[in-house]
Amino acid sequence: MNQITLTRPDDWHLHFRDDQFLLETVPATARCFGRAIVMPNLVPPVVNAEQALAYRQRIQQATPKGSPFTPLMTLYLTNQTSAEDIIEAKQAGIPAAKLYPAGATTNSDAAVKGIEALYPVFETMSEQGMLLLIHGEVTDAHIDIFDREKAFIDTHLRQIHQRFPELKIVFEHITTADAADFVLDASDTMAATITPQHLMYNRNDLLVGGIRPHNYCLPVLKRNTHQQRLRDVVASGSNKFFLGTDSAPHAKHTKENACGCAGCYSAWSAIELYAQIFDDLGALDKLEGFAAHYGADYYGVARNKDTITLRNEPWTVPEMIDLPQGGQIVPFYAGQELQWKLA
């Protein structure tokens, strides 16, 4: 097969950051995606409609002229989030709110402590038709980092889903067989996103031969058995799983230090990475649904009308990307060859 044409895909989970990062991250995403769900964990976080709309304007200013790209904003849930915040955000066209357990990942220190305290907010979200996006890990110090996703399912997610059966929940960037099976067994109001790094890599790619900081993300890479389960579910064509890169840019020097930060920047090769994965799985016929159909259907928005084309043309992901105002980012899969390239 020399080329494939797909409905223009969407990215249902990514980080643009802010300020000079937008000049890099927004064009990188707009080159192939029609829409993207934008994470709200800035400093300070995006906690209300006014802040979300201001952030959207900054993103739009960084969008290349003539691009069809549309950012979809989210709220950052805290213990101070009110029902009024949710109603105002929904009226402003904001489709979702993000639950970070406090301390779970980058810029999550201001997030939720005591998830049950948010149940009145979840009730309002359910009534308003606003989606709940969840970083599904517990943060208890005594729980092993490789077990935190399963512990979150058992401790919190199962109860939330049962308590609010009409609330649409996206279990974001799942990493384990436990999460995949939970989503498959749950009702149609539960879905999940899966990143390229968790489909391509396992914890050997983080730790064997020395620590590889540019493969460090949260949730952390897991055993190869978990990786294989994720690969199995995307190859199955289940509409409960869809594309969410969790692309998260960090300057090179903040990744390569004694306390390197978490995140993989995949935007400049995102659709090509997924094409490689599905090709390797012998499931290229399932790529369009995963990348362009299932997420839009779940969010209740129209599928994109235009298309993109990928050619079977080997190319190498750059070793480094220069930021417009100084500094560099090492992209995910840097220096490695991919077989598919956006036309």
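If you're wondering where the values come from, they're calculated on a predicted model, not measured in any experiment.
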Report task. Please answer whether the main-chain N or O of L199 pairs with a side-chain N or O of R231 as donor and acceptor at a distance below 3.5 Å. Result -> yes
Query raised in the report: Just checking, is any N or O donor in the side chain of N312 or W340 under 3.5 Å from an acceptor N or O on the other one?
Result: no
Query - Non-hydrogen atoms of Q20 and Q325 that approach each other most closely - result: OE1-N, 2.9 Å
Query - Side-chain ion pair, K222 and E149, N-O less than 4.0 Å - result: no
Query raised in the report: Side chain of N215, backbone of R212: donor and acceptor closer than 3.5 Å?
Result: no
Report task. Would you check if L14 and T29 make a side-chain contact, meaning some heavy-atom pair closer than 4.5 Å? Result -> yes
Query raised in the report: How far does CG of L131 sit from CG of L72, to the nearest 0.5 angstrom?
Result: 11.0 Å
Report task. Give the intermediate values and the outcome of salt bridge (charged side-chain N to carboxylate O under 4.0 Å, His left out) for residues R163 and E123. Result -> CA-CA 9 Å; R163 179 76 174 267; E123 181 68 39; over 6 Å; no
Report task. Of all the heavy-atom pairs spanning W12 and G295, show the shortest one and how long it is. Result -> NE1-CA, 3.4 Å
Requested in this report: Quick one: sort the F164 and Y119 rings into parallel, tilted or perpendicular, breaks at 30° and 60°.
Outcome: perpendicular
Query - S236 (side chain) donor-acceptor with V233 (main chain) under 3.5 angstrom - result: yes
Query raised in the report: Mind checking whether P219 and T176 have side chains closer than 4.5 Å, heavy atoms only?
Result: no
Query raised in the report: Between H135 and H173, what is the ring plane arrangement, given parallel below 30°, perpendicular above 60°, and tilted in between?
Result: perpendicular
**Report entry** Donor-acceptor pair, side chain of D140 and main chain of H142, under 3.5 angstrom
**Finding:** no
Query raised in the report: Which value, rounded to the nearest 0.5 Å, describes the distance between L221 atom CG and Y216 atom OH?
Result: 10.5 Å
Query raised in the report: Got a donor-acceptor contact below 3.5 angstrom from the Q339 side chain to the P314 backbone?
Result: no
Report task. Indicate the ring-plane relationship of F171 and F152, choosing parallel, tilted or perpendicular according to the 30° and 60° boundaries. Result -> tilted
Query raised in the report: Between Q228 and N224, is any side-chain donor less than 3.5 angstrom from a side-chain acceptor?
Result: no
**Report entry** From CA spacing to verdict: side chain to side chain contact (heavy atoms under 4.5 Å, CB included), L132, I160
**Finding:** CA-CA 10 Å; L132 174 63; I160 294 170; 4.3 Å; yes
Report task. Kindly check if the number of other-residue, nucleotide or ligand heavy atoms within 6.0 Å of CZ (R203) is above 12? Result -> yes
**Report entry** Any side-chain heavy-atom pair of W315 and E337 under 4.5 Å
**Finding:** no
Requested in this report: Determine the interplanar angle of the Y100 and Y76 rings, folded into 0 to 90°, and report it as parallel if under 30°, tilted if 30 to 60°, perpendicular if over 60°.
Outcome: tilted
**Report entry** Residue pair Y265 / E24, side-chain donor-acceptor N/O under 3.5 Å
**Finding:** yes
Query - Heavy-atom donor-acceptor pair, K341 side chain to L310 backbone, under 3.5 Å - result: no
Query raised in the report: Considering all heavy atoms of both residues, which atom of L284 and which atom of A275 are nearest to each other, and what is their separation?
Result: CD2-O, 3.8 Å
Query - pair R58-D18: side-chain heavy atoms closer than 4.5 Å - result: yes
Query - Step-by-step side chain to side chain donor-acceptor pair (under 3.5 Å) determination, D11 to T245 - result: CA-CA 6 Å; D11 189 343; T245 62; 2.5 Å; yes
Query - ILVMFWY network linking F21 to V330, side-chain heavy atoms under 4.5 angstrom - result: no
Query raised in the report: Between the side chain of R17 and the main-chain N/O of P249, is any donor-acceptor distance below 3.5 Å?
Result: yes
Requested in this report: Decide if atom CG of D188 counts as having more than 12 heavy atoms of other residues, nucleotides or ligands within a radius under 6.0 Å.
Outcome: no
Query - Min side-chain heavy-atom separation S266-L273 under 4.5 Å - result: yes
Query - R148 and D144 ion-paired at < 4.0 Å - result: no
Query raised in the report: Are the side chain of D181 and the backbone N or O of D178 linked by a donor-acceptor pair below 3.5 Å?
Result: no
Report task. Assess whether atom CD of E50 is packed by more than 12 heavy atoms of other residues, nucleotides or ligands within 6.0 Å. Result -> no
Report task. Could you give me the CA-CA distance, side-chain angles and deciding distance for Y294 and L243, then say whether side chain to side chain contact (heavy atoms under 4.5 Å, CB included) is met? Result -> CA-CA 9 Å; Y294 305 152; L243 188 157; over 6 Å; no
Report task. Return the minimal non-hydrogen interatomic distance between D322 and Q328, and the atom names on each side. Result -> OD1-NE2, 3.0 Å
Query raised in the report: To the nearest 0.5 Å, how far apart are CZ in F182 and CG in L157?
Result: 4.0 Å
**Report entry** Same apolar cluster: V220 and I153, side chain cutoff 4.5 Å
**Finding:** yes
Query raised in the report: Would you say the side chains of H214 and E256 form a donor-acceptor pair under 3.5 Å?
Result: yes
Query raised in the report: At what distance, to the nearest 0.5 angstrom, does NE2 of H161 lie from CG of L167?
Result: 9.5 Å
Query raised in the report: Shared ILVMFWY cluster between V26 and I329, side chains joined below 4.5 angstrom?
Result: no
Report task. Report the distance from atom OH of Y201 to atom SG of C217, rounding to the nearest 0.5 Å. Result -> 11.0 Å
Report task. Nearest 0.5 Å please: distance from the OG atom of S269 over to the CD atom of Q336. Result -> 10.0 Å
**Report entry** Short side-chain donor-acceptor distance under 3.5 Å, T7 and N304
**Finding:** no
Report task. Please report the closest heavy-atom contact between K90 and G129, naming both atoms and the distance. Result -> NZ-O, 3.2 Å
Query - Residues D232, R229; criterion side chain to side chain contact (heavy atoms under 4.5 Å, CB included); working and verdict - result: CA-CA 5 Å; D232 289 343; R229 184 66 181 125; 3.9 Å; yes
Query - Heavy atoms of other groups near K150 NZ, more than 12 under 6.0 Å - result: no
Query raised in the report: Which heavy-atom pair separates L230 from A180 by the least distance, and what is that distance?
Result: CD2-CB, 4.2 Å
Query raised in the report: Between R303 and D10, is the closest basic N to carboxylate O distance under 4.0 Å?
Result: no
Query raised in the report: Can T189 and S187 be counted as having a side-chain donor-acceptor contact under 3.5 angstrom?
Result: yes
Report task. Answer with yes or no whether the side chains of H226 and N202 bring together a donor and an acceptor at under 3.5 Å. Result -> no
Query - Carboxylate-amine/guanidinium contact R31 E272, below 4.0 Å - result: yes
Requested in this report: Kindly determine whether I174 and I194 satisfy side chain to side chain contact (heavy atoms under 4.5 Å, CB included), including the steps that lead there.
Outcome: CA-CA 6 Å; I174 63 168; I194 307 182; 3.8 Å; yes
Query raised in the report: Any idea how F278 and F290 line up, ring-wise: parallel (<30°), tilted (30 to 60°), or perpendicular (>60°)?
Result: tilted
Report task. For Q128 and T124, indicate whether the former's side chain and the latter's backbone hold a donor-acceptor pair under 3.5 Å. Result -> no
Query raised in the report: Among the clusters formed by ILVMFWY side chains lying less than 4.5 Å apart, do M200 and V208 turn up in the same one?
Result: no
Query raised in the report: Within the side chain of T254, is there an N or O that forms a donor-acceptor pair under 3.5 Å with the backbone of A251?
Result: yes
Query raised in the report: Are Y274 and V234 connected, step by step, through hydrophobic side chains (Ile, Leu, Val, Met, Phe, Trp, Tyr) whose heavy atoms are closer than 4.5 Å?
Result: yes
Query - Donor on one side chain, acceptor on other, T5 and T309, under 3.5 Å - result: yes
